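Only a predicted model underlies this, so the values are computations on that prediction, with no experimental measurement involved. Scope of the values below: all heavy atoms of this structure, side chains included, with no hydrogens, waters or symmetry mates.
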Amino acid sequence: QVQLVESGGGLVQPGGSLRLSCAASGSLPSNSAMAWYRQAPGKQRESVAFIASYGTTTYTDSVKGRFTISRDNAKNTVFLQMNSLKPEDTAVYYCWAPGAWGRGTQVTVSS
């Protein structure tokens, strides 16, 4: 009954930036933990960033200092600001919340 819809993906050159958004609807509590995952072709899905219900954030080492996860509880939306993008960041990015996965949004970093 929870729906997650990502947006903001696209094609960007190395060193560029993108901001992903994930809008939640349905029965998800406003203070739910949420996270971003990604999956590159031929690779397993991996965690990228996590934000707890109380606001603490964690990141995988490869994106620390470049990515920032944040949320707007009033709008049930989580964001992922991605700076200094690298070709290895190319993947489908998925939003997660308890009981739901988004459909994913493609991020391609290429010159």
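Residue pairs meeting the disulfide bond (SG atoms under 2.5 Å apart) criterion with at least one member in residues 23-90, sequence neighbours excluded, do not occur. Sorted by first then second residue, the ring-ring contact (aromatic ring centres under 6.0 Å, His included) pairs that include residues 71-95, not counting sequence neighbours, number zero. Applying the ring-ring contact (aromatic ring centres under 6.0 Å, His included) definition to pairs two or more places apart or across chains, those involving residues 8-39 are Tyr37-Trp101. Residue pairs meeting the salt bridge (charged side-chain N to carboxylate O under 4.0 Å, His left out) criterion with at least one member in residues 66-85, sequence neighbours excluded, are Arg66-Asp89. Residue pairs meeting the salt bridge (charged side-chain N to carboxylate O under 4.0 Å, His left out) criterion with at least one member in residues 52-64, sequence neighbours excluded, are Asp61-Lys64. Applying the ring-ring contact (aromatic ring centres under 6.0 Å, His included) test to every pair with at least one member in residues 51-78, sequence neighbours left out, gives no pairs at all. Within the structure, salt bridge (charged side-chain N to carboxylate O under 4.0 Å, His left out) contacts touching residues 1-30 (residues at least two apart or in different chains) do not occur. Within the structure, salt bridge (charged side-chain N to carboxylate O under 4.0 Å, His left out) contacts touching residues 39-59 (residues at least two apart or in different chains) are Arg38-Glu46.
Partners of Ser53 by side-chain hydrogen bond (donor to acceptor under 3.5 Å, both in side chains), not counting sequence neighbours: none found. Taking Arg103 as the reference, nothing meets the side-chain hydrogen bond (donor to acceptor under 3.5 Å, both in side chains) condition, with sequence neighbours excluded. For Thr108, the side-chain contact (heavy atoms from CB on, under 4.5 Å) partners two or more places apart in sequence, or in a different chain, are Leu11, Thr90, Gln106, Ser110.
Shown here is Glu88, whose CD atom has more than 12 heavy atoms of other residues, nucleotides or ligands within 6.0 Å.
Hydrophobic cluster membership is shared by Val109 and Val63, with clusters built from Ile, Leu, Val, Met, Phe, Trp and Tyr side chains linked at under 4.5 angstrom. If you chain together hydrophobic residues whose side chains sit under 4.5 Å apart, Met34 and Val2 fall into the same group.
Scanning all heavy atoms of the two residues, the minimum distance from Leu80 to Ala49 falls at CD1-CB, 4.0 Å. Contact record, Trp96 with Ala33: CZ3-O, 4.0 Å, taken as the closest heavy-atom pair. Of all non-hydrogen atoms in Ala91 and Ala40, the two that sit nearest each other are CB-N, 3.8 Å. Of all heavy-atom pairs spanning Cys95 and Leu4, the tightest one is O-CD1, 3.6 Å.
Side-chain atoms of Val107 and Met82, non-hydrogen and from C-beta on, do get closer than 4.5 Å to each other. Side-chain contact between Leu85 and Leu18 is present, with at least one heavy-atom pair separated by less than 4.5 Å. Side-chain contact check for Ile51 versus Thr56: every heavy-atom pair is 4.5 Å or farther apart.
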Give the table of side-chain donor-acceptor pairs shorter than 3.5 Å for residues 20-27, with sequence neighbours excluded, one pair per line with atom names and distance.
residue : atom : partner : partner atom : Å
Ser25   : OG   : Gln3    : OE1          : 3.3

